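As the structure is a computational prediction, the values presented were derived from the model and not from experiment.
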Amino acid sequence: MPVFDYAVQFERELQQKYSREMCSYELTQSNPNIKFINAQTIKLPRLTVSGYKDHNRAAVGFNTGSVSNSWEPKTLDHDRDVEIPIDPMDIDETNLVTEVANIQNVFEEEQAIPEKDSYRFSKLYSEAVKYASSGAQVDTTVITAQNVLDWFDGVTQYMDDNSVPQEGRILYCTPAFATLFKQAKDIQRTMEARSGGTLDRRVTAIEDVVIKKVPSARLKTQYDFSDGCVPADGALQINAILIHPSCQVSRDKYAYMKLFTPGSDSRTADKYIYQNRYYTGTFLIEAKAVGIAINVQAAAANDDNDGNNTPATSESVSDNTSESESESES
């Protein structure tokens, strides 16, 4: 019996899902020239050249400069797969493709897409901690409506001083963090009253930075990938990641999806077998580490939650905002 390659049949639909539902999609579009070819590890070349010296008009010739190179190794570290047997008695034989499509859709929406986001954002956090001495910003400031603009101004000014491109920056943040921009002190907004009396209060960008809300469950510092993807014990809540995607590389080296029909080989017997695998990696480029800034929940606050992974910083943000509003009213 034939083996169906559903990767081709699902390609159009899956591309729509990734662009619509995957929050970290933009990260995969940066640095397209960096590829993993026949290797688990690549080495990024880095060059150092000397600068100008004063020219001596009386002398013959130019000042001698220098050039040196080094290599920055990067290794893919997220190799995942699943195999799901499907009994033919559980499938409407006249509607096989639709049933398989349902399995694939649910798997993508509830497993694959959330895991890819979770892996990438948590890996960016660990890489930022690793390269803090190279300019990556990681802080545990408790952000409220009173200081959210101060935090934003501080991290963007640092990036400006370090020549990070202004165009293309993205602020990935929890919904609670995004709400603070609507409540921010001293912010000036123009609200649009649409037809039908709808008032649009959304803040989708601030200056040149696009604000992209990410479900808080996908913004943890650490995950347990032993069976699916769940926050690890003691994981902290990442509140916001301001990044220029060019400072990192997120690349899928290998992706595979197949459906084997009953009897197609000795393993399938009378079952359909759905297989899915992807091999990926995310990492910062050390020389461009100044292009990322992360605000994360303080570890002490997490301890107060008895390790239940509740986004304490987001709750603290809300509580502090309420207290500030109460003080203002009084």
Quiz item: Are side-chain heavy atoms of I292 and Q248 found at a separation under 4.5 Å?
Solution: no
Exercise. Locate the shortest heavy-atom distance separating A128 from I294; write the atom from each residue and the value.
Key: CB-CD1, 3.8 Å
Quiz prompt | Pairs flagged by ring pair (Phe, Tyr, Trp, His ring centres under 6.0 Å) wherever residues 148-172 is involved - sequence neighbours left out | solution = F121-Y172, W151-F177
Practice problem: Can you run down the salt bridge (Lys or Arg N to Asp or Glu O under 4.0 Å) pairs that involve residues 277-292, sequence neighbours left out, and say none if there aren't any? | Solution: R46-E286, D79-R277
Exercise. Would you mind checking if D252 and R80 are paired as a salt bridge, meaning a charged N to carboxylate O distance below 4.0 Å?
Key: no
Exercise. Drop me the distance from K130's NZ to E127's CD, to the nearest 0.5 angstrom.
Key: 5.0 Å
Quiz item: Sub-3.5 Å donor-acceptor pair from the side chain of N147 to the main-chain atoms of T144, do we have one?
Solution: yes
Self-check item: Linked, directly or transitively: V164 and I206 (ILVMFWY side chains, under 4.5 Å)
Solution: yes
Quiz item: Is any side-chain heavy atom of T28 less than 4.5 Å from a side-chain heavy atom of T280?
Solution: no
Quiz item: Is any side-chain heavy atom of R218 closer than 4.5 Å to a side-chain heavy atom of I113?
Solution: yes
Quiz item: Do D224 and S226 have side-chain N/O donor and acceptor atoms under 3.5 Å apart?
Solution: yes
Exercise. Compare all side-chain heavy atoms of M257 with those of Y278 and state whether any distance is below 4.5 angstrom.
Key: no
Quiz item: Hey, are the side chains of L149 and F181 touching, using non-hydrogen atoms and a 4.5 Å cut-off?
Solution: yes
Quiz item: Would you call M159 and V155 a side-chain contact if the rule is heavy atoms closer than 4.5 Å?
Solution: no
Practice problem: Scan for salt bridge (Lys or Arg N to Asp or Glu O under 4.0 Å) pairs involving residues 166-180, sequence neighbours excluded, and state none if there are none. | Solution: D160-R169
Self-check item: Hydrophobic cluster identity match, F225 and L76, side-chain contacts under 4.5 Å
Solution: no
